[in-house]
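Here is the structure we will look at, set down as structure tokens.
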Protein chains: 2
Amino acid sequence: MARRTKADAKATREALLDAAEELFFQRGVACSSLEQIARHASMTRGAVYWHFRNKADLFTAMIERVRMPFHELVSEASAAHPHTSPLAAIQLGCEYGFQRLEKPRYMRVHAIVVHRCEVFSDIDPREIQNTMVRDCFNALKDYLEDASQQGLLKPDIDPLTAALLLQAVLSGIFHNWLRDPQAHSIYEQGSKLVKAQLALISLKPLS
Amino acid sequence: MARRTKADAKATREALLDAAEELFFQRGVACSSLEQIARHASMTRGAVYWHFRNKADLFTAMIERVRMPFHELVSEASAAHPHTSPLAAIQLGCEYGFQRLEKPRYMRVHAIVVHRCEVFSDIDPREIQNTMVRDCFNALKDYLEDASQQGLLKPDIDPLTAALLLQAVLSGIFHNWLRDPQAHSIYEQGSKLVKAQLALISLKPLS
DNA sequence: GCTTTTACATTCAGTGTTGTATGCAAGGAC
DNA sequence: GTCCTTGCATACAACACTGAATGTAAAAGC
């Protein structure tokens, strides 16, 4: 068959990643063979082995397309809404994150990492999740310590516990939604619950 | 080889489940073959196929050994601590649950369901988790509605939202711990956070 | 315009796994 | 004591998947 131009090759790579995403999501990582993935992208396994070393390499490349560190979300949010309090920044960052998660690609890949893959070769999905969670928690802690120093928090709760609770709430919202994404909008449900939780720990009602 | 008595057969079955538990936990469900499981229990695949129809059947049998409905935890707890308020019942039920999770068997099996298995044949780990979560949430909602009617909750939070938040907190605690069970005790961390969250929603300080 | 890469397709060998079929020795009921 | 059944072990057939080797035609470089 005809060889493709450099741009075509890039498109092929993306198509393979798309196909992997769909099949991993539908049948799970272990149950999706490279042959099936290639066929789903109208290619052969040769193409897969050209662009990726093996299944694990393909997998990590797929993950790379959907990274979203919390501080990125917040700075993106605060670009649109400047001069906000730490608590409002958290609320906005979460809402931006929830909105991203509703995009099919983000939903699918996160669903794959959480529910459709297990340890294989040198990939451990828990580590992937751990880095995401740690990043999020550290950001929350920073914002809540800021809020505490500005006297925005109720005096009977320390910022560390507040961060732990809020991070747990976020984790819960995330996992509850991901277990059945069709059931409800994580943006609506999540925003509501984050707001409620922030109201519980903040001294004054949120703006 | 010698045929075993009925009690021996039962022991064999348990040994196979134990072996599956260990291997699933170590290498993941997909990466553990029935041959490996049988060998790990000093048996052959014939024993596996005698006691279980296939891998999926073995898997569900393994799950069956660690079920713990929330109301069971609470009734077990309130047998030891009678005449408690709904909020204290929640606290106690959670603590009993956390303590169970720290037992190796419970920890391993839950870790397997959450992190070491994906959809295979007709098994969907999400459904298993969904039933657990729904059961827990319904129980929480009942207790919190009781608490609300007894005037124990802050007036600015409705029992439904409180239940959603608390369930999210529990989910978060669970997943955060399960991602790295060695890092901390879920009993200590979880009890602390549940207490803090209950304090946030309750009108008076908890006894 | 020629050569060298690139971007795949095709083929092949090897391995691991599943399900089933069969064998067999001891248990259990009478 | 016998006969059927149980509780496995062993053997077999079929398949699916991986990784690597090889083939190849067109793009890129000069």
Side-chain angles (χ1 to χ4, degrees), chain A residues 1-24 26-62 112 116-123, chain B residues 1-24 26-62 112 116-123:
Chain A
M1 311 300 172
R3 190 201 152 197
R4 320 298 176 72
T5 150
K6 239 176 164 56
D8 283 343
K10 177 120 184 166
T12 297
R13 189 188 137 97
E14 294 297 309
L16 287 174
L17 288 173
D18 288 345
E21 202 180 292
E22 283 190 34
L23 285 188
F24 285 168
Q26 284 175 23
R27 312 182 201 174
V29 175
C31 292
S32 305
S33 71
L34 296 183
E35 169 76 18
Q36 290 170 339
I37 292 170
R39 286 298 168 207
H40 197 253
S42 304
M43 296 279 149
T44 66
R45 247 174 58 247
V48 176
Y49 276 100
W50 173 255
H51 286 284
F52 311 96
R53 277 172 311 174
N54 48 33
K55 199 173 183 177
D57 192 37
L58 171 67
F59 183 80
T60 54
M62 186 192 67
I112 289 165
R116 271 102 169 166
C117 82
E118 51 187 66
V119 188
F120 74 102
S121 48
D122 54 345
I123 300 285
Chain B
M1 313 299 174
R3 188 198 154 197
R4 319 298 176 74
T5 151
K6 238 177 166 57
D8 284 344
K10 176 123 185 167
T12 297
R13 187 189 139 96
E14 294 297 308
L16 288 173
L17 288 174
D18 288 346
E21 202 181 291
E22 283 191 34
L23 286 188
F24 286 168
Q26 284 173 25
R27 313 181 200 175
V29 175
C31 292
S32 304
S33 71
L34 296 182
E35 170 76 19
Q36 291 171 339
I37 292 169
R39 287 298 169 209
H40 197 252
S42 304
M43 296 278 148
T44 66
R45 247 175 58 249
V48 176
Y49 276 100
W50 173 255
H51 286 285
F52 311 97
R53 276 172 311 174
N54 49 31
K55 200 172 183 178
D57 192 36
L58 171 67
F59 183 80
T60 54
M62 186 192 68
I112 290 167
R116 272 102 168 165
C117 83
E118 51 187 63
V119 189
F120 75 101
S121 47
D122 54 346
I123 301 286

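Predicted, not measured: the structure shown is a model, and the values here were computed from it. So that the names make sense, note that chain A is the first sequence line, chain B the second, and so on, each numbered from 1.
Rounding to whole angstrom units, CD of residue B:Gln36 and P of C:dG16 are separated by 10 Å. Between the C1' atom of D:dG7 and the CG atom of B:Leu16 lies a distance of 11 Å, rounded to the nearest Å. What separates CG of A:Asp8 from P of D:dA26 is a distance of 14 Å, to the nearest Å. We find that CZ of A:Arg53 is positioned 12 Å from P of D:dA20, with the value rounded to whole Å. Separating the CZ atom of A:Arg13 from the P atom of C:dT6 is a distance of 16 Å, rounded to the nearest angstrom. Taking atom NZ of residue B:Lys55 and atom C1' of nucleotide C:dG19, one finds them 14 Å apart after rounding to whole Å. When the P atom of D:dA20 is taken as reference, atom CZ of A:Phe52 falls 17 Å away, rounded to whole Å. Between the P atom of D:dC17 and the CG atom of A:Asn54 lies a distance of 16 Å, rounded to the nearest Å.
Using cut-offs of 30° and 60° for the angle between ring planes, the B:Phe59 and B:Phe120 rings count as perpendicular.
For B:Glu35 and B:Ala7, each mapped to the nucleotide of DNA chain C holding its nearest heavy atom, the one lying further toward the 5' end belongs to B:Glu35.
Distances shorter than 4.0 Å separate none of the side-chain N or O atoms of A:His51 from OP1 or OP2 on C:dA7. Here B:Thr12 reaches the OP1 or OP2 of D:dC8: one of its side-chain N or O atoms lies under 4.0 Å away. Residue B:Trp50 has no polar side-chain atom (N or O) positioned under 4.0 Å from OP1 or OP2 of D:dC8. When the side-chain nitrogen and oxygen atoms of B:Ser33 are compared with OP1 and OP2 of C:dG16, none of them lie within a distance under 4.0 Å.
A distance-only check finds no donor-acceptor pair linking the side chain of A:Glu21 to the backbone of A:Met62 [under 3.5 Å]. The backbone N or O of B:Leu23 sits nowhere less than 3.5 Å from a side-chain atom of B:Gln36 that would complete a donor-acceptor pair.
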Exercise for the section: With salt bridge (charged side-chain N to carboxylate O under 4.0 Å, His left out) as the test, would you mind laying out the steps for A:Lys10 and A:Glu14 before giving the verdict? Expected result: CA-CA 6 Å; A:Lys10 177 120 184 166; A:Glu14 294 297 309; 5.4 Å; no
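Between B:Leu34 and B:Leu58 the shortest side-chain heavy-atom distance falls below 4.5 Å. A 4.5 Å side-chain heavy-atom check between B:Glu118 and A:Val29 finds at least one atom pair inside the cut-off.
Checking D:dT18, C:dG19, D:dG7 against every side-chain atom of B:Lys6, the shortest atom distance belongs to D:dG7.
Contact detail for B:His40 and B:Glu22: the closest heavy-atom pair is CE1-OE1, 3.1 Å.
Near DNA chain D, defined here as any heavy-atom distance below 4.0 Å, the residues from residues 42-49 of chain B are B:Met43, B:Thr44, B:Gly46, B:Ala47, listed numerically.
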